[in-house]
Amino acid sequence: MPGRHAFQMIAVTLAAMCLSSCTHTNGKNAQTASQTKAAPPAAPWWEHALIYEVYPRSLQDSNGDGVGDLNGIIQRLDYLQHLGVNAIWLTPIYPSPLVDFGYDISNYEAIDPVYGSMNDFDHLIAAGKAHHIRVIMDMVMNHTSDKSPWFLESRSSRNNPKRDWYIWRDGKGPGIPPNNWMSLFGHSAWTYDAKTKQWYYHRFYSAQPDLNWRNPEVQKAMFDACRFWLDRGVAGFRLDAIPELFEDPQFRDAKVLPGKNVYGDPREDQSYVSNLPEVHDVMRKLRKLVDSYPGNRVLIGETYLPTIQDQLLWYGKNNDELQLPMDMQVGMINKLDANLFRTKINDAETQLNGNMPLFVFDNHDNIRSWDRYGDGKHNAAIARIIATILLTTRSTALMYYGEEIGMVTTPPKTKAQVQDPIGKLGWPKEKGRDGERTPMQWDSGKDAGFSTAAKTWLPIPPSYKTVNVQVESGQPDSLLNWYSKLIDLRKNNPALHDGQNIMVDNSDPNVLSYVRKNPGQGPSVLVAMNFTAQPQTVSYALQPQGIQGTHATALLADGGVASDVDLSHVVLPPFGVFVGQVQ
Ligand code: GLC
């Protein structure tokens, strides 16, 4: 397995800290008997959505320059619609010097020419609508590019009106930064500016100065940017690095923890730089803003959080913050451990006040789940298990391009090939994130059908000859068809669509099993997955869950599980999956 990435480290660091906990009682499921008699309001679209993350540089190149673009995405909408995608989240397409491939924005209200024009964007919104696919923008509110006109003004003099839009401090002495805070991308989080003789703070790369969210003008500028895109018809935002907005106002030194990170920096407690309570006031205001638009616009958070209690906080005390803070606790378990999955999925079911969790296994920052969960021998079967968890639990589902075909992580071979800043800084221990951002593999032809360029921005992985959409579409047993069937089931089966998620066979260390209980009179669904390389036999008595049936009929079964099973004796082959209907 390739080396660990900074983003897994964030999760690990956070897990090591004890952040605030809370209990809320005003959940949206806490209805009174009289309320339940009224017809339930229609669920907002995002509740049952399949959201597909598009890394625009890598989905489809339409103009032969080796980099994916907006017109390329439009060309692939038929595929996405056919797969059953309801919304795409585009990682940043704003003008950017591309130091962090778009996460360093220099203009929040325009499109970078490498991806196309504003006309192309409007065309994408319209074409998306025709395909029943909404478009979600990435919004980076924590920091801008150091080439943003805002920062250029801010750094121009100490008394520039925009000076306070960023975080400037005096050092502790010549060459000594204001405090010991380390950047998530390695080394000090402070960079010295010789002209004005002060240091600016950057949680990420030095080319990504943090905005000062204690200045109301910053909030206004950023909310104006959100309005700009909402007015153009986007369905909502994925809020980048959102727990990082605020820092300790006293700028106290962080407590140093034992050990060093991949950059050789000391490890630090994060409570002065991450997840400060002030961020929730901003989230409430932002929610009000998106709610003032019609059509159930959605706020998704990039929320690497250590506990379910922290997760709950991001929905808001009155469910008035994010609708979908990402749940990284399930998807980033990083080992096939049935007990851990059971606990984490059950936490999300029972401790989020009935709110929808948003499970995610893959994204542009982490080694692909194929490699994180695969054992090197049974990766294809294990990928089916991951897909099954993502698509049969009661959660909104977020997937990443290429996950459905089993794209593998293909890291650069030499330092000279690295594009990602964290790989440049962390090589060779940290190879960066290029490996999970390689071009989409559409077919076995030139550039895997992604481009016609002589050289694509990242190389096409050697796996493309056999791992691609065209080949897998023609193979009934392919991973792509497995995803496709699961997505159909999730949409059309009432129990999978709306049913409560109840864990069964609770002490089994080898098999993860749960029931999706039909909310009406119809059949429920039993999902069982063997997490081991040995056959496992399981016995279920579902009567305590109000399910009387003693047999299950397969809706989907993998690894040679029988199609009609006696629940008192279910044999699951190695890594076998069974999704069956029980009356
Ligand atoms: C988020 C993005 C990541 C980026 C970082 C800094 O974590 O997902 O790709 O590098 O923020 O903006």
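Here the side chain of Gln329 pairs a donor or acceptor atom with the backbone of Thr307 at under 3.5 angstrom. Judged purely by atom type and a 3.5 angstrom limit, Trp46 has no side-chain atom pairing as donor or acceptor with the backbone of Ala235. Glu430 contributes a side-chain N or O that, together with a main-chain N or O of Gly432, makes up a donor-acceptor pair within less than 3.5 Å. Of the possible polar contacts, one joining the Ser524 side chain to the Asn518 backbone as a donor-acceptor pair under 3.5 Å is found. A donor-acceptor contact shorter than 3.5 Å is absent between the side chain of Thr409 and the backbone of Ile367. Here the side chain of Tyr315 pairs a donor or acceptor atom with the backbone of Met356 at under 3.5 angstrom. Remark: side-chain polar atoms of Asn334 are not paired, donor with acceptor, to backbone N or O of Arg372 under 3.5 angstrom. Between the Asp100 side chain and the Tyr103 main chain, no donor and acceptor come within less than 3.5 Å of each other. Of the possible donor and acceptor atoms, one in the side chain of Ser106 sits under 3.5 Å from a partner among the backbone N and O of Pro95. The main-chain N or O of Gly301 is found under 3.5 Å from a side-chain atom of Thr303 such that the two form a donor-acceptor pair.
The side-chain heavy atoms of Met399 and Asp362, taken from C-beta on, include no pair separated by under 4.5 Å. Contact check for Tyr115 versus Ile73: no side-chain heavy atoms found under the 4.5 Å cut-off. Side chains of Tyr293 and Leu289 form a contact here, defined as non-hydrogen atoms less than 4.5 Å apart. Side-chain contact between Tyr205 and Asp104 is absent, with no heavy atoms from C-beta onward closer than 4.5 Å. Between Val525 and Thr392, the closest side-chain pair of non-hydrogen atoms is not below 4.5 Å. Counting heavy atoms from C-beta outward, Met118 and Arg232 have side chains that approach closer than 4.5 Å. With a 4.5 Å cut-off on side-chain heavy atoms, Gln311 and Pro357 do not count as touching. Taking the side chain as every heavy atom from C-beta outward, Pro421 and Phe204 never approach each other to under 4.5 Å.
When all heavy atoms of Met332 and Val360 are compared, the closest pair comes out as CE-O, 4.3 Å. Summarising the geometry of Arg57 relative to Leu98, their closest heavy-atom pair is NH1-CD1, 3.5 Å, with the distance given to 0.1 Å. Across all non-hydrogen atoms, the minimal contact from Asn142 to Ala241 is CB-O, 4.3 Å. Contact detail for Leu286 and Cys226: the closest heavy-atom pair is CD1-SG, 4.0 Å. In terms of heavy-atom proximity, Trp45 sits nearest to Ala87 at CZ3-CB, 3.7 Å. Residues Ser148 and Ile105 share a closest heavy-atom pair of CB-O, 3.9 Å.
Rounding to the nearest 0.5 Å places CD1 of Ile74 at 6.5 Å from CG of Asp120. One distance of note links CG of Leu486 with CD1 of Ile389; it measures 11.0 Å at 0.5 Å rounding. Note that the CE atom of Met137 and the CG atom of Leu230 stand 10.0 Å from one another [nearest 0.5 Å]. Rounding to the nearest 0.5 angstrom, the gap separating the CG atom in Asp248 from the OG atom in Ser274 is 13.0 Å. Here the CG-CG distance, from Asn355 to Asn319, works out to 4.5 Å after rounding to the nearest 0.5 Å. Atom CZ of Arg203 sits about 10.0 Å away from atom CZ of Phe185, to the nearest 0.5 Å.
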inquiry  = One pair to check against side-chain hydrogen bond (donor to acceptor under 3.5 Å, both in side chains): Thr144 and Tyr108. What are the steps and the verdict?
reply    = CA-CA 9 Å; Thr144 67; Tyr108 283 78; 5.5 Å; no
From CA spacing to verdict: side chain to side chain contact (heavy atoms under 4.5 Å, CB included), Arg238, Asp138
CA-CA 5 Å; Arg238 175 267 189 187; Asp138 214 311; 3.0 Å; yes
Going through the distances and angles, do His280 and Lys317 end up as a side chain to side chain contact (heavy atoms under 4.5 Å, CB included)? CA-CA 10 Å; His280 295 285; Lys317 288 202 173 108; over 6 Å; no
- Task: Give the intermediate values and the outcome of side chain to side chain contact (heavy atoms under 4.5 Å, CB included) for residues Trp213 and Val218.
- Result: CA-CA 6 Å; Trp213 273 87; Val218 165; 4.0 Å; yes
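The existence of a salt bridge linking Asp281 and Lys285 is excluded, since no basic side-chain nitrogen approaches an acidic carboxylate oxygen closer than 4.0 Å. Residues Asp420 and Arg433 are paired through a salt bridge, judged by an N-O separation under 4.0 Å between the basic side chain and the carboxylate. Between Lys162 and Glu217 there is no salt bridge, since no side-chain N of the basic residue sits under 4.0 Å from a carboxylate O of the acidic one. Under a 4.0 Å N-O distance rule, the pair Arg490/Asp488 does not qualify as a salt bridge. Using a 4.0 Å cut-off between charged nitrogen and carboxylate oxygen, Arg342 and Asp337 do not count as a salt-bridge pair.
A side chain to side chain contact (heavy atoms under 4.5 Å, CB included) with Glu436 is found for one member of His364, Met407, Glu403, Arg368 and no other, namely Arg368. None of Tyr272, Trp181, Tyr201 except one satisfies the ring pair (Phe, Tyr, Trp, His ring centres under 6.0 Å) rule with Phe251; the exception is Trp181.
Ring centers of Trp229 and Phe121: under 6.0 Å apart, within the cut-off.
Taking the ring pair (Phe, Tyr, Trp, His ring centres under 6.0 Å) definition, one finds that Tyr200 meets it with Phe151, Trp168, His202, sequence neighbours left out. Under the side chain to side chain contact (heavy atoms under 4.5 Å, CB included) criterion, Asp347 pairs with Ile308, Thr343, Gln351, not counting sequence neighbours.
Stacking of Arg169 on the aromatic ring of Trp190 is not recorded, the 6.0 Å distance cut-off and the 45° axial limit not both being met.
Atom NE2 of His123 has 12 or fewer neighbouring heavy atoms from other residues, nucleotides or ligands inside a 6.0 Å radius.
A perpendicular orientation is assigned to the rings of Tyr373 and Phe361, their planes being inclined by more than 60° (bins at 30° and 60°).
Checking Tyr52 against Glu404 by side-chain atom types alone, a donor-acceptor pair falls below 3.5 Å.
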